[in-house]
Chemist: 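Dropping a structure here in structure tokens format, bear with me for questions.
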Amino acid sequence: MKVIVVGAGFGGLAVAVRLAVRGHDVVLFERNPTVGGKVATLEMEGFRFDMGPAVLTQPDVFDDLFRLAGTSLADEVRLIPLDPQARYSWVDGSRLEAYDDDTAWSAELERFAPGGAADWQRFATNAERIWDQARTSFLNRPNVAGRSLLGRPRPAVDPAALDGTRTLASLTEECFADPRLRQLANNAAVGVGGSPFKAPATLAHLWAAERAGGVWHVEGGIGRLRDAIVRVAERVGVEIRAGTDVGRIVTANGAARGVDLADGGFEPADVVVAGVDAAHLYTELLPHPKRARELDRAKRSYSGFVICAGVRGRTDDLAHRSVWFPLIDRSEYERLERGFTAVDPTITA
């Protein structure tokens with residue numbers, strides 16, 4: 001069976017590999033000249049920058065993908081565990097090292113804020129419960145569109161256990177006495193472009209996933225992982241056509257028949273997989289007015305402002321992942337909510 005995958009972000013690359021391993025004829029289209037989506041790199045004057053994610057969590061997910069293709073993550077890239085996983089700093093001069101070892105992490109929390117270890121454990125218990133539900137009910141299972149997810153028989157999914165009816169900030173307010181630890185736990189929302197005062201407590205699961213799987217540096221940058229997936233994809237027979245824009249998904253009798261290319265060509269297929277932004281899919285590739293209107297009404301996530309600074313010499317006080325928190329975190333999100341840049345933003349390096 002011939003399958004076309006539109007969009008060569010990590011999701012598109014991964015599904016292309018899985019389909020090719022199963023014996024399908026897979027063609028992957030990407031309108032940009034390079035693949036990888038948000039995992040972009042910039043090379044300039046001898047420096048190499050990760051423009052998107054800078055660390056790797058849950059390496060087992062990628063190892064599973066590579067093993068399906070007859071190799072392994074360790075065979076394709078070199079991973080270096082980060083310990084501490086991150087260094088967090090506040091304007092009052094306080095600092096917290098997120099040690100990889102749980103015992104050392106608890107001791108550091110207690111040093112930082114008396115009672116902090118117990119407070120974090122209270123938060124972690126919630127985060128781990130959410131993570132267990134999210135992972136087993138839909139992250140590792142197909143066909144999770146709204147109705148089908150909610151329609152699954154229990155105990156496959158328990159919506160209440162996902163803690164989606166209150167905000168992340170309300171959960172951290174309940175768990176932490178120290179406002180700095182609330183800022184730290186609330187930071188989970190930032191990674192997905194949200195405000196902890198608006199985003200659901202479900203996002204606490206990101207902390208559980210990070211603590212369970214560790215935080216890793218890919219030697220040479222995350223772009224090396226992208227390059228490895230491309231190598232593996234081509235090795236199993238995926239044809240990657242970068243710099244080729246798909247204009248429309250062609251259907252007949254309710255089924256995909258191929259794609260019209262922006263340059264006027266047509267590529268037939270038995271199945272088309274869309275690994276693109278939903279707004280692009282339902283307004284251009286496969287127009288669906290109702291879904292397009294729903295997406296247009298949805299609030300957009302926040303963006304980050306990236307500065308690439310090439311610095312020669314050593315920066316001994318800088319961890320591989322460092323975060324500096326503002327004095328008052330809520331004002332940062334309130335300004336973003338009104339469409340303004342934060343005066344005193346959270347900074348990550």
Side-chain angles (χ1 to χ4, degrees), residues 8-18 21 28 30 32-89 97-102 104-105 187 190-191 206-236 238 240 242 304 306-324 347-349:
F10 266 32
L13 286 165
V15 75
V17 169
R18 291 178 180 275
V21 166
L28 177 58
E30 170 57 52
N32 293 309
T34 58
V35 303
K38 293 180 180 178
V39 181
T41 55
L42 172 66
E43 295 190 46
M44 182 181 294
E45 298 182 19
F47 294 96
R48 181 183 176 91
F49 302 97
D50 284 318
M51 300 292 287
V55 295
L56 175 66
T57 59
Q58 300 181 66
D60 57 304
V61 173
F62 292 92
D63 188 53
D64 176 68
L65 177 67
F66 285 139
R67 288 186 181 279
L68 284 174
T71 181
S72 71
L73 181 61
D75 288 336
E76 301 297 334
V77 297
R78 180 169 179 251
L79 297 184
I80 301 171
L82 297 184
D83 192 12
Q85 296 179 352
R87 175 177 295 158
Y88 301 100
S89 301
E97 306 278 358
Y99 294 112
D100 184 68
D101 177 75
D102 287 338
W105 172 229
N187 194 241
V190 174
L206 297 173
W207 282 106
E210 189 169 290
R211 293 299 304 173
V215 179
W216 304 79
H217 167 60
V218 180
E219 187 174 61
I222 292 289
R224 300 298 189 202
L225 178 59
R226 174 205 57 213
D227 297 343
I229 299 175
V230 170
R231 284 198 307 273
V232 170
E234 293 177 335
R235 199 180 300 159
V236 297
V238 176
I240 300 176
V306 179
I307 298 175
C308 297
V311 181
R312 300 193 184 280
R314 294 184 59 85
T315 50
D316 294 324
D317 200 43
L318 192 66
H320 184 84
R321 184 170 61 156
S322 297
V323 180
W324 293 269
I347 298 172
T348 303

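Side chains are part of it too, since the values below use all heavy atoms of this structure and drop only hydrogens, waters and symmetry mates.
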Chemist: With rounding to the nearest 0.5 Å, note down the distance linking CZ in Arg312 to CZ in Phe47.
Modeler: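 If I round to the nearest 0.5 Å, the distance is 4.0 Å.
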Chemist: Given 3.5 Å as the limit, does a donor-acceptor pair link the side chain of Arg226 with the main chain of Val39, or not?
Modeler: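 Pair found, side chain donor or acceptor close to backbone of Val39.
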Chemist: Taking all non-hydrogen atoms of both residues, which atom of Asp83 and which atom of Tyr99 are closest, and how far apart?
Modeler: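 Distance-wise, the nearest heavy atoms are OD1-CA, 3.4 Å.
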Chemist: For the atom pair CZ (Phe62) and CD (Glu76), what is the distance rounded to the nearest 0.5 Å?
Modeler: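 One gets 13.5 Å once the value is rounded to the nearest 0.5 Å.
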Chemist: How far does CG of Leu56 sit from CD1 of Ile222, to the nearest 0.5 angstrom?
Modeler: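 Reported to 0.5 Å precision, the distance equals 5.0 Å.
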Chemist: Supply the atom-to-atom distance Thr57 OG1 to Leu206 CG, rounded to the nearest 0.5 angstrom.
Modeler: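 It is 8.5 Å, given to the nearest 0.5 Å.
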Chemist: For residues Gly220 and Arg48, report the shortest heavy-atom separation together with the two atoms involved.
Modeler: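 For Gly220 and Arg48, the tightest heavy-atom pair comes out as O-NE, 3.0 Å.
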Chemist: One pair to check against side chain to side chain contact (heavy atoms under 4.5 Å, CB included): Val218 and Leu79. What are the steps and the verdict?
Modeler: CA-CA 5 Å; Val218 180; Leu79 297 184; 3.6 Å; yes
Chemist: Under a 4.0 Å threshold between the charged nitrogen and the carboxylate oxygen, would Arg224 count as salt-bridged to Asp50?
Modeler: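 No, Asp50 and Arg224 are not salt-bridged.
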Chemist: Has Arg321 got a side-chain atom pairing as donor or acceptor with Ala54's backbone, closer than 3.5 angstrom?
Modeler: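 Checked: no pair found.
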Chemist: Which pair of non-hydrogen atoms, one from Trp324 and one from Ala349, has the smallest distance, and what is that distance?
Modeler: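 Minimum heavy-atom separation between Trp324 and Ala349: CZ3-CB, 3.7 Å.
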Chemist: Nearest 0.5 Å please: distance from the CG atom of Leu65 over to the CG atom of Asp60.
Modeler: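 Those atoms lie 12.0 Å apart.
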Chemist: Of all the heavy-atom pairs spanning Ala228 and Val77, show the shortest one and how long it is.
Modeler: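 For Ala228 and Val77, the tightest heavy-atom pair comes out as CB-CG1, 3.9 Å.
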Chemist: Working to the nearest 0.5 Å, report the span between CD of Gln58 and CD of Glu210.
Modeler: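 With rounding to 0.5 Å, CD (Gln58) is 10.0 Å from CD (Glu210).
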